[in-house]
Enquirer: 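Structure in structure tokens, see below.
Residue numbers start from 1 in every chain, and the chains themselves are labelled A, B, ... in the order their sequence lines are given, proteins ahead of strands.
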Number of protein chains: 2
Amino acid sequence: MARSSTRPTSRDVAQAAGVSQAAVSLVLGDKWRGRVAEATAERVRQAARDLGYRPNLAARNLRLGRTRTVLLVVPALTTEFFAGVYTGAARVAADHGFGVVLYPSPEGVGPARDPFASAQAALDGVIASSMAADALTAIRGDQLPLVMLDSDPEGSLGAATVNLDIADGVRQVAAHLLDLGHRRFLHLAADVPSWTFEVRARELAARLAAVPGTSIRTVRAPISIEDALTAAAAALAAPGPRPTALVCDDDKLAAGAYKAARRLGLRIPDDVSVTGLDDLALATALDPELTTVRLDAELFGERGMRALLAVLDGRTPEGGDIPVELVVRGSTAPPGAS
Amino acid sequence: MARSSTRPTSRDVAQAAGVSQAAVSLVLGDKWRGRVAEATAERVRQAARDLGYRPNLAARNLRLGRTRTVLLVVPALTTEFFAGVYTGAARVAADHGFGVVLYPSPEGVGPARDPFASAQAALDGVIASSMAADALTAIRGDQLPLVMLDSDPEGSLGAATVNLDIADGVRQVAAHLLDLGHRRFLHLAADVPSWTFEVRARELAARLAAVPGTSIRTVRAPISIEDALTAAAAALAAPGPRPTALVCDDDKLAAGAYKAARRLGLRIPDDVSVTGLDDLALATALDPELTTVRLDAELFGERGMRALLAVLDGRTPEGGDIPVELVVRGSTAPPGAS
DNA sequence: GAGGCGGGGTTATACGTAAAACTTGGAGGC
DNA sequence: GCCTCCAAGTTTTACGTATAACCCCGCCTC
């Protein structure tokens, strides 16, 4: 009997089954057909079960030169959205025998500026959100296979990209509000440097420019309910004709806008229509429920992982943006409906 | 020059610096004082930088017999709360050179029933939420150091536990509502088998039992806004005197209760007071803002990680529950305030 | 009856690192 | 002048696994 203080190794199993370590490896690795007799194989499996044997992954990784582990770099996990992305990526990963390790960008996780040191695992590849920009330079240095989420397809230097069709979402929002008759817009923009927010601003401006008689103002706020509250309150209280439609870059900003409207005594949607983007649980908890664009975070994560698996396989990742969907609820109505 | 197609190893660095592999290991491992001359050490560091050397973690883990990686088992990540727990745990981990790998319970991540297979990383220890009960049996089988979150201190079979002082939170909620004059209570309970929810029910019942003339009904719902909506609507519309205080096990349930009240034409807090538990972003997005119990999810994660580090060190983890705090907002008022 | 062959294994080796054990060339002490 | 000692390294080994290369034995073929 081997030293019981330490975990059993394949050699311990071999000894218990009366075979060589190589035989154990063959049997447990499912490579024994035609090399080991069925009876022997069963003896090995039984011994492994009896000893509670689990292969040492560090040794296996060293031997094979790959780890079946990838890193997911996100700006923050405290958001429902990226939690969903992780969930989707992890599901696909598990189906292919992969694991996913998270690296939430520095603000969340202390001083460590090195994603690779912080995620202790040895890695086969990386999936990174373009919002976690500060970690990207460190990542590009390494030659690991990389997939970018929501990143400028032109600017990603050859890395594969998987994008939500945000531009289409913004188009749908603009069309909906224009159809309702809105002409004076306020854009509550996320104060985060990322391609995905640039697209929102660009597309919204383009859509409105196509319609004569429209105007738009933009204010920026970090993505938090409190910051959005103060920014929106200031903008809505500003002199001049008040905007009738408030387009928010994200549902959290919209929640802040609700509080600002309430504080100023404005009714939604009678005095001002509000739209969000994400469709978090928040959206239906608000009163009235928020008109927003549904993003399928889990599907996003799944597609990201599939793309990375394709790259690892030497295949070309599936192309095409992920469709999004406008969900019309009670926060939008024709202007001046009061 | 070594083969450039593969990552440089410590041997490549050694060759470039004109020393042995052992010297490289000593220098880069900061164990060179008195063993290697300063000039040589600098040559080694320079060579490592030039080649872009990164140590192979699989090899290091194999050699050292530890991985500085722990597993965090949570019921689901799509919640702000557990995202916070992860963030806190990861921060402490990073400060100690550890990484954290997630295992969100099966419902979220496909068919893999084995947390260890799914999280590909080799592990030094495990932190597990008691809500992820299905994964626990698999975990107990292994002899890995284990810390349980929000678990029955008696029932955890010797594993260290770190708990929020939920009982105290419930006490504060009960005292607050009783002080306001409420006597007819409805308990909207989470339909999840976990110690942390049992505590809520037990403590609430005990507090009310101490006050003559109080009554309490309980309804259960899975933790989702929609399920809470239907359960709360049914209970509030039931025959007999309507409860004046609705105590919810969690903020999401409270959000469902808000919708139920709205649907039934009941005003909060005039017709019915509502309390939650968690203090998610949701709580202040609701109208009126939710009176709830603030749980510091990140601190929870930090304490969990510290406890595991203590166990790994052979020390005794810091004891004591994590204090929680009642946050009184607009959703509670004396009964019949209309 | 010699050679071939295939089933059923075993032996040996490499993966990259950390660290214990060993080496060597002086400098200093007596 | 010889011994000791220290600085500055080097050589060697082990971690646990997967797999290529080898080996042996019995049976079939010609």
Side-chain angles (χ1 to χ4, degrees), chain A residues 2-3 5-45 47-48 51-68 97 117 120-124, chain B residues 2-3 5-45 47-48 51-68 97 117 120-124:
Chain A
R3 308 185 44 68
S5 70
T6 186
R7 274 177 52 167
T9 73
S10 61
R11 213 177 310 275
D12 296 330
V13 174
Q15 197 172 339
V19 297
S20 71
Q21 179 267 329
V24 173
S25 183
L26 288 173
V27 171
L28 268 37
D30 234 26
K31 301 227 154 65
W32 56 282
R33 265 164 288 264
R35 319 257 290 112
V36 177
E38 169 58 34
T40 312
E42 186 48 35
R43 242 172 45 238
V44 168
R45 282 189 290 260
L51 294 178
Y53 169 72
R54 284 182 176 285
N56 179 319
L57 292 183
R60 170 179 295 173
N61 291 341
L62 175 58
R63 176 67 234 250
L64 295 179
R66 72 190 144 74
T67 59
R68 293 188 166 272
Q120 285 292 321
L123 306 171
D124 282 355
Chain B
R3 307 184 45 67
S5 71
T6 186
R7 272 177 52 169
T9 73
S10 61
R11 213 178 309 275
D12 296 328
V13 174
Q15 197 171 340
V19 296
S20 72
Q21 181 266 330
V24 172
S25 182
L26 288 173
V27 170
L28 267 39
D30 234 28
K31 300 226 154 64
W32 57 280
R33 265 165 285 265
R35 320 256 291 110
V36 176
E38 169 57 36
T40 312
E42 186 48 35
R43 241 172 45 239
V44 169
R45 281 190 289 260
L51 294 178
Y53 169 71
R54 283 182 175 286
N56 178 319
L57 292 183
R60 171 178 294 174
N61 291 343
L62 175 57
R63 176 67 236 251
L64 295 179
R66 69 191 147 75
T67 59
R68 294 188 164 271
Q120 285 292 321
L123 305 171
D124 283 355

Enquirer: For a side chain to side chain contact (heavy atoms under 4.5 Å, CB included) with A/Val24, tell me which candidate from A/Thr9, A/Asp12, A/Val19 qualifies.
Expert: A/Val19
Enquirer: Not counting sequence neighbours, which residues clear side-chain hydrogen bond (donor to acceptor under 3.5 Å, both in side chains) with B/Asn56? List them please.
Expert: none
Enquirer: Considering only side-chain heavy atoms of B/Leu62, which listed nucleotide, C/dT17, D/dC15, D/dT19, is closest?
Expert: D/dC15
Enquirer: Suppose the criterion is salt bridge (Lys or Arg N to Asp or Glu O under 4.0 Å): which pairs have a residue in residues 17-26 of chain B, not counting sequence neighbours?
Expert: none
Enquirer: Among pairs that include at least one residue of residues 23-32 of chain B, which meet salt bridge (Lys or Arg N to Asp or Glu O under 4.0 Å), considering only residues two or more places apart or in two chains?
Expert: B/Asp30-B/Arg33
Enquirer: Specify the separation, in whole Å, of atom CZ of A/Arg60 and atom C1' of C/dG16.
Expert: 18 Å
Enquirer: In whole Å, I'd like the distance from the CZ atom of B/Arg68 to the C1' atom of C/dT17.
Expert: 15 Å
Enquirer: Could you say whether B/Ala59 or B/Val19 is positioned toward the 5' end of DNA chain D, judged by the nucleotide with the nearest heavy atom to each?
Expert: B/Val19
Enquirer: Return the set of residues passing side-chain contact (heavy atoms from CB on, under 4.5 Å) with A/Thr67 (not counting sequence neighbours), or none when no residue passes.
Expert: A/Asn61, A/Thr69, A/Ala122, A/Asp124
Enquirer: Quick one: A/Leu57 CG to C/dC15 C1', roughly how many Å, whole number?
Expert: 16 Å
Enquirer: Between D/dT10, C/dG16, C/dT11, which nucleotide has the shortest distance from any of its atoms to the side chain of B/Asn56?
Expert: C/dG16
Enquirer: Between B/Gln21 and A/Leu64, who's closer to the 5' end of DNA chain D by nearest nucleotide?
Expert: B/Gln21
Enquirer: For B/Thr9, report the nucleic acid contact type (base, sugar-phosphate, nothing); a contact means any heavy atom under 4.0 Å.
Expert: sugar-phosphate
Enquirer: For B/Asn61 and D/dT17, what is the distance between atoms CG and P respectively, to the nearest whole Å?
Expert: 14 Å
Enquirer: Applying salt bridge (Lys or Arg N to Asp or Glu O under 4.0 Å), can you list everything that pairs with A/Arg45, at least two apart in sequence or on another chain?
Expert: A/Glu38, A/Glu42
Enquirer: Kindly say whether B/Gln21 contributes a backbone atom to a donor-acceptor pair with the side chain of B/Arg11 at under 3.5 angstrom?
Expert: no
Enquirer: Would you say B/Ser20 places a side-chain N or O within less than 4.0 Å of OP1 or OP2 belonging to D/dT11?
Expert: no
Enquirer: For the pair made of CZ in B/Arg7 and P in C/dC15, what is the distance, rounded to whole Å?
Expert: 15 Å
Enquirer: In residues 24-44 of chain B, what residues come within less than 4.0 Å of DNA chain C, judged by heavy atoms?
Expert: B/Ser25, B/Lys31, B/Arg35
